[in-house]
Every structure is written in structure tokens, then in C-alpha cells.
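Within every chain, numbering begins at 1; the chains are lettered A, B, ... in the order of the sequence lines, protein sequences first and strands thereafter.
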There are 2 protein chains.
Amino acid sequence: MHATLDELFSALSDTTRRKILVMLLEDDMAVTDVADPFDMSLPAISKHLNILTNAGLITQEKRGRVNWCKLEPDGLRDASVWMLGFGQFDILDIESLEKLIETHIDLTQTT
Amino acid sequence: MHATLDELFSALSDTTRRKILVMLLEDDMAVTDVADPFDMSLPAISKHLNILTNAGLITQEKRGRVNWCKLEPDGLRDASVWMLGFGQFDILDIESLEKLIETHIDLTQTT
DNA sequence: TTTATATTTAACCATATGGTTAAATATGGA
DNA sequence: TCCATATTTAACCATATGGTTAAATATAAA
């Protein structure tokens with residue numbers, strides 16, 4: 001069960017869901033806490049979380065009565081690959097890319 | 001009138017529209033020619049093209065009775081920037097990024 | 001065991017989406 | 001002028017989406 005690009009981009013096409021993703025960047029969160037900043041019912045948030053889960057962007061793990069939501073690190077991969085394959089990534093300035101590579105090297109360097 | 005991220009990702013969330021974008025990567029096309037490979041009516045394609053236009057991903061220019069569709073080079077920018085800002089771009093292997101940078105340098109080198 | 005907390009399920013609603021066919025509108029060519 | 005070509009508009013349809021409230025479920029705590 002691999003999410004389609006349709007599901008992925010569709011999941012990203014809603015402001016609430018993108019905000020949730022950014023929140024989860026900080027730390028794993030319980031459903032109630034995810035819902036807190038939004039002026040929206042809990043069931044509505046629950047639905048958004050399911051959409052993000054089906055798109056492979058987050059995972060949910062139930063411990064006790066709390067359902068913990070966490071980012072799925074590879075979730076954006078296919079979307080990124082499509083955009084790269086689309087060949088339009090030179091629209092990003094070269095400096096950001098180089099900085100990105102340095103960061104990556106910093107993170108992966110073992111010595 | 002700047003397209004929202006919602007519009008952008010939403011426009012990308014349909015296979016037909018992503019295929020159209022890839023076709024336009026090759027060359028500008030008339031609406032009828034865009035429609036040709038699809039098993040779908042012309043009005044349906046016309047709607048897809050409007051969605052892509054409103055998302056800022058293509059432009060349409062009418063010359064005579066032919067409406068020419070062309071890629072908008074910066075169309076994907078905001079989506080890419082969001083994804084970069086999301087900080088998950090180290091999910092892309094370093095080699096593709098380096099290759100990308102080389103390509104970019106080749107394209108921009110004047111000497 | 002009773003009550004409170006965390007979350008989902010069900011049923012519903014309004015609007016959006018992605019398609020259709022038929023008709024309208026330009027524009028180009030004979 | 002008359003016909004063909006290119007495309008859009010209009011009206012419609014089924015299903016999807018994003019929200020609601022009320023009820024159900026499961027677990028924790030008193």
C-alpha cells in the first residue's frame with residue numbers, strides 16, 4: 001500500500017493539513033493537541049489526520065487512549081522526485097541547494 | 001493575483017494535469033493537441049487547462065483561433081519553496097542534487 | 001464501579017470536482 | 001459569403017471534500 005501522487009499532492013493542498021505537518025515537525029503530538037490551535041471540531045481534525053496517514057505523510061500509533069501522530073520522514077519523497085523529474089528545480093537558487101548539500105554532508109558525516 | 005499553495009498543490013493532484021505539464025515541457029501546444037492523447041472530451045481538457053492557468057503553472061495565449069498553452073517556468077516555485085522550508089529535502093539523494101547543480105552551472109556559465 | 005478523557009464513527013449537509021453532451025462563439029479558408 | 005476548425009460556455013450529473021453534531025467506544029482514574 002503505497003500512496004499515489006494524487007493522494008500526496010491532494011493531501012498537501014489543504015492549509016490545515018500543511019499546518020499540521022509543520023506542527024509535527026517540532027514533535028510528535030496527540031490528536032487532541034493537534035486539534036487545539038484550530039477553530040474546528042475534533043472529528044474534522046481526525047479526518048485530516050487520516051488523509052495525511054493515507055498519503056503516507058504521517059503515522060499514527062495508539063498508546064493507551066492517546067493516539068500519537070508523527071511525521072513520516074520519507075512521506076514527501078515521491079512528490080519531491082516528481083518535481084525534480086519535472087526538471088524545474090533550477091528555479092531554486094543555487095545557494096540554497098549548496099547549503100542543503102552541506103547540511104546533508106554534516107548530518108551524514110561519520111568522522 | 002498570485003496563486004495560493006492550495007491551488008498549486010490541488011492543481012498537481014490530478015494525473016491528467018500532471019501529464020499535461022510533462023507534455024508542455026517538450027513544447028508549447030494548442031488545446032486540441034493537448035487533448036489528443038487523452039480519452040476525454042475537449043471541454044474536460046479545457047477545464048484542466050484553466051485550473052493549471054489559475055494555479056500559475058501554465059499560461060494561455062490566443063493567436064487566431066488557436067489557444068497556445070505554455071509552461072510557466074516559475075509556476076512550481078512556491079510549492080518547491082514550501083517543501084524546502086519544510087526541511088525534508090535531504091530525503092533526496094545527494095548525487096541527484098550535485099548533478100542538478102552541475103547542470104545549473106552548465107546552463108548559466110557564460111564562458 | 002463509576003466517571004472522565006481521548007478519539008472515532010455515523011449521519012448529515014453544502015459546496016467543489018471531474019466528467020458528460022449540446023450549443024455558442026470566433027476565426028480562417030474556399 | 002459559406003463552411004470548417006478551434007475552443008469555450010452552459011447545463012447537467014455523480015461522487016468527493018470539508019465541515020457539522022450526536023452517539024459510540026476504549027482506556028484511565030477516582
Of the nucleotides D/dG18, D/dA11, D/dT8, which one has an atom closest to the side chain of A/K47? D/dG18
Of the listed nucleotides D/dG18, C/dT8, C/dT20, the one nearest the side chain of A/S46: C/dT8
Length of the line joining [X]:[atom1] and [N]:[atom2], which is rounded to integer Å:
X	N	atom1	atom2	result
B/L42	C/dG19	CG	P	13 Å
A/D39	D/dT21	CG	P	11 Å
A/L49	D/dT17	CG	P	16 Å
B/I45	D/dA6	CD1	C1'	14 Å
B/N50	C/dG19	CG	C1'	15 Å
A/L52	D/dT17	CG	C1'	14 Å
A/R65	D/dA29	CZ	C1'	7 Å
B/N54	D/dT8	CG	P	13 Å

Any side-chain N or O of B/R17 below 4.0 angstrom from OP1/OP2 of C/dG18? yes
Give a yes/no on whether any side-chain N or O of B/S41 is located under 4.0 angstrom from OP1 or OP2 of C/dT20. yes
Residue met sooner reading DNA chain D from 5', once A/P43 and A/S10 are mapped to nucleotides: A/S10
More 5' along DNA chain D: A/K62 or A/I51, using each one's nearest nucleotide? A/I51
Nearest non-hydrogen partners of A/A11 and A/R17, listed with the distance: O-NE, 2.8 Å
For residues B/H48 and B/D14, report the shortest heavy-atom separation together with the two atoms involved. CE1-OD1, 3.7 Å
Going from CG on A/L71 to CG on A/L57, what distance comes out if it is rounded to the nearest 0.5 angstrom? 8.0 Å
Check whether any side-chain heavy atom of B/L52 sits under 4.5 Å from a side-chain heavy atom of B/E72, and report yes or no. no
Show, in sequence, the C-alpha distance, side-chain angles and deciding distance for A/R18 and B/D6, and conclude whether the salt bridge (Lys or Arg N to Asp or Glu O under 4.0 Å) test is met. CA-CA 9 Å; A/R18 286 196 308 278; B/D6 283 21; 2.8 Å; yes
